[in-house]
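Letters A, B, ... are given to chains in the order of the sequence lines, protein chains preceding strands, and every chain is numbered from 1.
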Amino acid sequence: MADAIIEKARELFEGQIVCFSIHACAATAFLVGYITSNVYWTLYVGLGGTVITFLIVVPPWPIYNENPVQWLPAKGRGSADYDIVVDGQRVTS
Amino acid sequence: MHNTLTRVQNVFGFFTSVAFAVAAAIAISVVLSSQTPSASLQLRNVQVVKGRPHYYSTKREEYAHITFSLDADLSTLFNWNTKQVFAYITASYPSDSPASIPESEAVVWDAVIPAKNAPEHHNTYIHPTKSTARPKTKKERLSLNKAYPPGKEPGILKLDKQKPKYQITDVSGKIAERNNATLTLHWNVQPWVGALVWDNRRTVGRWQGLKGGEAAFEFPPLKATEAKKEDLKTATGKEKNRGSPA
C-alpha cells in the first residue's frame, strides 16, 4: 500500500522535472541579467539551463528504468479467444 | 514521455514558450527604470541656396543648409534592454494652407548611438572631438572612436556648430522665406527585445518627458551672393556608410 503511494508520488515528481527545471532556469536567467544590467547574461544562463534540462530529460538514463511497470503477460499465440478471418479463411493471430 | 523524440519535442516546445515569456518580462521591466533626458538645441546658421538633386538632373531646387549646436544628455535612455538609440534632428514647418495640408518635416542630422555592449557595426556614429592632436596612448586612440565624447557615456552629445548631414528642400522645390520653422530633437530607443519607443515630451511614470531640445527659426531668402563651398559642406564624419550627399 505504501509502495503504491510512493510510486504515484515519484511519477508525479518526474513528470514535473521538465516544468520545474525550465521555470527555474528562466527565473534565474532573468534575475542574473537584471542584476548585472547585461542582457547577454540572461541569454547565456537561459540557454545553459535549457541545455541542462535537455540533458536531464531526453537521454534514457538508467535511473529512470529502475522501477519498470509490471505489464500483464502477453496473450499466447494460437489462442481460441477470437478468430482473424481474411478473405473467408481463418488466419491465426 | 515515452520515447526520445516525444521528450525532445515537449521540452523544446516548453522552452520556446518560456523564452517568449522571459522576453516579455525583460521588455516590461524597462518601465520600472527611470529616464531623465535633457537637451538644449540652438540654431547657428541657415543658408538657402540653389542646387540640384544630383549631378545630371535638370531641375533646380532650393536647398537649406542648417548648422546647429546640440548639448544633450540621453544617457538615462540606456537601460539593460537598450541596444541602440537613434537620435535625429528635424526641421518642421507649416505648409501654405495649414487647414488642409499638414506640416512638413525633414531630417537634418541623425546618429546611431549603440549601447556599450552592442556589437560593432560600421554605421555607428563617431562623436567629433575638438582636439586634432594625434592620440598618444592606445586608450586615447580607442576613446576617440566612440559614439560619445571621451570620458563620458553613450547618449551624451556635445556638438558645437555642427554641420548638417542632409540639406533639405521642400516638395515644391521652394524653401526660402518660409516662416514658423522649428528645429526639434527626436530619438528612437531600439531595444534588444520589446517595442520601439520614440521621444516623449510628457512625463509617464518614471520616464521624464524631454524639456527643451527645440529651436524656432525662419528660413531666410535665397542667398544673393555666391555661398562659399566650405560653408555648404555636409557633415562628413568618420563613420563608413555616409551615403551619397556626404
Using non-hydrogen atoms and a 4.5 Å limit, figure out which bit of L47(A) sits close to chain B: side chain, backbone, both or neither.
-> side chain
Aromatic plane relationship, W41(A) with Y44(A) - under 30° parallel, 30 to 60° tilted, over 60° perpendicular = perpendicular
Name the option with the most non-hydrogen atom pairs under 4.5 Å to chain A; the candidates are L5(B), V8(B), T4(B).
-> V8(B)
Could you list the residues that satisfy ring-ring contact (aromatic ring centres under 6.0 Å, His included) with F54(A), not counting sequence neighbours?
-> none
Chain A contacts: which residues in residues 18-25 of chain B have a non-hydrogen atom closer than 4.5 Å to it?
-> V18(B), V22(B), A25(B)
Heavy-atom side-chain contact between T184(B) and R201(B) under 4.5 Å = yes
How close do R7(B) and V57(A) get, heavy atom to heavy atom, and via which atoms?
-> NE-O, 3.0 Å
S34(B): side-chain contact (heavy atoms from CB on, under 4.5 Å) partners, not counting sequence neighbours = R206(B)
Exceeds 12 heavy-atom contacts within 6.0 angstrom, atom NZ of K233(B) = no
Taking heavy atoms only and a threshold strictly under 4.5 Å, list by residue number the residues of residues 68-92 of chain B that touch chain A; give 'none' if the list is empty.
-> W80(B), N81(B)
Tell me, do W187(B) and I113(B) make a side-chain contact under 4.5 Å, heavy atoms counted?
-> no
Here the pair of heavy atoms bringing H65(B) nearest to T234(B) is CE1-N, 4.4 Å
Tightest non-hydrogen contact, residues L183(B) and F217(B), listed as N-CE2, 3.7 Å
Are the side chain of W61(A) and the backbone N or O of L55(A) linked by a donor-acceptor pair below 3.5 Å?
-> yes
